[in-house]
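Here is the structure we will look at.
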Amino acid sequence: MAVEEVENGVGNAVGSAAEASAGTSAETSVETAVAVETLEAKRYAVHPDYRVNVRSGPGTNYSLVKVLPYGATVPINCQKPGEWVTGPYGTTNLWDNIANGQFISDAYVYTGSSGYVAPRCA
């Protein structure tokens, strides 16, 4: 029942605004609000003093995909072991998958842990 009350509250608030501006139903607005909330992934800060290389796999021998800007934040979809790297947050062989075919060393990402914070990549 508590979930229904929350959904109804979101539906009323979002639905009223959506109906006024776009003419949509409150039910559609609730579905949209719930979908947006579930798609947001937790993001982790990359050390602010580094522009980190993004690789196509878990090691420096993999091709360079892009370079992250200073102060970047990234989602961690999954993690896998790879080449050992030393960075500002220690030495580790964990590599973080931040997008399809994109990995960065966990040694440059502040996760608050020296171990896995996401599922292992397949």
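- Screening residues 55-85 for ring pair (Phe, Tyr, Trp, His ring centres under 6.0 Å), with sequence neighbours left out, gives no hits.
- Between Gly90 and Ala107, the closest heavy-atom pair is O-CB, 3.4 Å.
- Clustering of Ile, Leu, Val, Met, Phe, Trp and Tyr by side-chain heavy atoms under 4.5 Å joins Val67 with Leu64.
- Legend: side-chain hydrogen bond (donor to acceptor under 3.5 Å, both in side chains) pairs involving residues 90-100, not counting sequence neighbours, sorted by first then second residue: Asn77-Asn97, Gln79-Asp96, Thr86-Thr91.
- Annotation: side-chain hydrogen bond (donor to acceptor under 3.5 Å, both in side chains) contacts involving residues 45-59, sequence neighbours excluded, comprise Ser56-Ser63.
- Grouped with Tyr89 in one hydrophobic cluster are Tyr110, the linkage being side-chain heavy-atom contacts under 4.5 Å among Ile, Leu, Val, Met, Phe, Trp and Tyr residues.
- Of the residues listed (Val65, Val85, Ile76, Val109), the one engaging Ile104 in a side-chain contact (heavy atoms from CB on, under 4.5 Å) is Val109, and it is the only one.
- Linking ILVMFWY side-chain heavy atoms closer than 4.5 Å, directly or via other members, places Leu94 and Tyr108 in two distinct hydrophobic clusters.
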Give the table of side-chain donor-acceptor pairs shorter than 3.5 Å for residues 111-122, with sequence neighbours excluded, one pair per line with atom names and distance.
residue : atom : partner : partner atom : Å
Thr111  : OG1  : Ser113  : N            : 3.3
Thr111  : OG1  : Ser113  : O            : 3.0
Ser113  : OG   : Gly115  : N            : 3.0
Tyr116  : OH   : Arg120  : NH1          : 3.4

